[in-house]
Amino acid sequence: MSNLTDGQRIELIKKNIGSFPGFPKEGILFHDIFSALTSGDVCVALKDLLVNYVRKNHPDVDVIVGLEARGFLFSLLLAAEIGVACVPIRKKGKLPGECYSYSYVLEYGSDEVEIQKSSIKAGQKVIVLDDLLATGGTLDAATKLLKMAGANVVECIVLIELSDLKGREKIPETNVHSFIQYPV
């Protein structure tokens, strides 16, 4: 798989993403990255794609931050490969010790995310990584939380973007990169 171009890697990943109409509720077409991860070739392509992108665009990044829950998978993989720290952002009450917290409103309620205060040093260059960008609420909350912690968020990277939902507009101060875009 290492002989593929990044464009070929994206196509391989995209053709293996499962689509599930009516999940989690009627009227939604769910694009499932876990379906693609059942192929070892896709796992290698995904790792290579992320590593190539970050090495080319952010060679001096200090921390990869993964968002709960799928972002955890990709953040550790990427951080280990490029040799930087990996830090999770989790839902409230899941992390021990002192945490920064940020509450935000979702389409159907509210949520709160946290990061351990000791996990980020002021001024560190951080990439936020997740599997999917939809309405942008979680990525927006993550970037605000990281700014509270003193981080310099250099980019948010997602594998899949539901472009019609315009989630990136919620975080206009932060560059967002997606590899695969779907209309809603």
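What you see is a predicted model, and the numbers here were worked out from it, not measured in a lab.
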Problem - Nearest-0.5 Å distance, CG of residue Asn52 to CD of residue Glu81 - result: 9.5 Å

Practice task
For residues Leu46 and Leu159, determine if any side-chain heavy atom of one lies less than 4.5 Å from a side-chain heavy atom of the other.
Solution key: yes

Exercise for the section: Using the six-membered ring of Tyr102, assess whether NZ or CZ of Lys144 lies under 6.0 Å from its centre and within 45 degrees of the ring axis. Expected result: no

Practice task
Is it possible for you to say whether Phe34 and Leu29 belong to one hydrophobic cluster, with membership spreading through side-chain heavy-atom contacts below 4.5 Å?
Solution key: no

Problem - Close side-chain approach of Ile33 to Leu132, heavy-atom, < 4.5 Å - result: no

Practice task
Please tell me if the side chains of Glu68 and Asp130 come closer than 4.5 Å, counting only heavy atoms from C-beta onward.
Solution key: no

Handout entry: Heavy-atom side-chain proximity of Tyr182 to Ile180 below 4.5 angstrom
Key = yes

Problem - Check: Leu139 and Leu133 side chains under 4.5 Å, non-hydrogen atoms - result: yes

Handout entry: Lys NZ or Arg CZ of Lys14 over Phe179 ring: under 6.0 Å, within 45°
Key = no

Problem - Main-chain N/O of Gln181 paired with Ser178 side-chain donor or acceptor, under 3.5 Å - result: no

Handout entry: Euclidean distance, Leu129 CG relative to Leu76 CG, rounded to 0.5 Å
Key = 11.0 Å

Exercise for the section: Give the cluster check for Ile89 versus Leu95: same hydrophobic cluster or not, with ILVMFWY residues linked at side-chain heavy-atom distances below 4.5 Å. Expected result: no

Problem - Criterion side-chain contact (heavy atoms from CB on, under 4.5 Å) on Leu4 and Asp48, from CA distance to verdict - result: CA-CA 9 Å; Leu4 296 178; Asp48 290 347; over 6 Å; no

Exercise for the section: Give a yes or no on whether the backbone of Pro96 and the side-chain of Gln116 come within a donor-acceptor separation of less than 3.5 Å. Expected result: yes

Exercise for the section: Check the pair Lys170, Asp140 against salt bridge (charged side-chain N to carboxylate O under 4.0 Å, His left out), reporting the backbone distance first and the verdict last. Expected result: CA-CA 6 Å; Lys170 275 211 172 150; Asp140 178 51; over 6 Å; no

Practice task
Side-chain contact test, heavy atoms from C-beta onward, threshold under 4.5 Å: evaluate it for Lys92 versus Cys99 and give yes or no.
Solution key: no

Exercise for the section: Among Leu50, Leu77, Ile82, find the residue that satisfies the side-chain contact (heavy atoms from CB on, under 4.5 Å) test when tested with Ile64. Expected result: Ile82

Exercise for the section: Please answer: with hydrophobic residues joined when any side-chain heavy atoms are less than 4.5 Å apart, are Met148 and Ile115 in the same cluster? Expected result: yes

Problem - Minimum heavy-atom distance between Val61 and Val63, given as atom pair plus value - result: CG2-O, 3.6 Å

Problem - Spatial distance of atom CG (Leu37) from atom CZ (Arg70) [nearest 0.5 Å] - result: 9.5 Å

Completion exercise
Looking only at heavy atoms, the pair that brings Arg9 and Ala45 closest together is CD-O, 3.4 Å

Exercise for the section: Hey, could you give me the CG/CD1 distance between Leu146 and Ile127, rounded to the nearest 0.5 Å? Expected result: 12.0 Å

Handout entry: From Ile157 atom CD1 to Ser75 atom OG, the distance as rounded to the nearest 0.5 Å
Key = 11.5 Å

Exercise for the section: Taking the six-membered ring for Trp and the full ring for Phe, Tyr or His, determine whether the centres of Phe30 and Phe20 are under 6.0 Å apart. Expected result: no

Practice task
Indicate yes or no: at least one non-hydrogen side-chain atom of Phe74 is less than 4.5 angstrom from one of Asp131.
Solution key: yes

Fill in the blank from the handout: Grouping ILVMFWY residues whenever side-chain heavy atoms fall under 4.5 Å, the cluster of Phe72 otherwise contains none

Practice task
Indicate yes or no for a side-chain donor-acceptor contact from Arg90 to the backbone of Val113 under 3.5 Å, with no hydrogens or angles considered.
Solution key: no

Fill in the blank from the handout: Rounding to 0.5 Å, atoms SG (Cys156) and CD1 (Ile171) come to a distance of 4.0 Å

Exercise for the section: Verify whether one side chain among Ser101 and Glu114 offers a donor that lies under 3.5 Å from an acceptor in the other. Expected result: yes

Practice task
Give a yes or no on whether the backbone of Val158 and the side-chain of Glu161 come within a donor-acceptor separation of less than 3.5 Å.
Solution key: no

Practice task
Work out which heavy atom in Ala141 is nearest to a heavy atom in Tyr104; give both atom names and the distance.
Solution key: CB-CD2, 3.3 Å

Exercise for the section: Return the set of residues passing side-chain hydrogen bond (donor to acceptor under 3.5 Å, both in side chains) with Asp164 (not counting sequence neighbours), or none when no residue passes. Expected result: none

Problem - Neighbour count above 12 (heavy atom, 6.0 Å) for Lys125 NZ - result: no

Problem - Beyond-backbone contact of Val153 with Val128, side-chain heavy atoms, under 4.5 angstrom - result: yes

Handout entry: Test side-chain contact (heavy atoms from CB on, under 4.5 Å) applied to Val126 and Ile120, Val154, Thr143, the passing residue
Key = Ile120

Practice task
Check the surroundings of atom NZ in Lys117: do more than 12 heavy atoms from other residues, nucleotides or ligands lie under 6.0 Å from it?
Solution key: yes

Practice task
Identify the heavy atoms of Gly123 and Asn152 that sit nearest to each other, and give their distance.
Solution key: O-CB, 4.1 Å

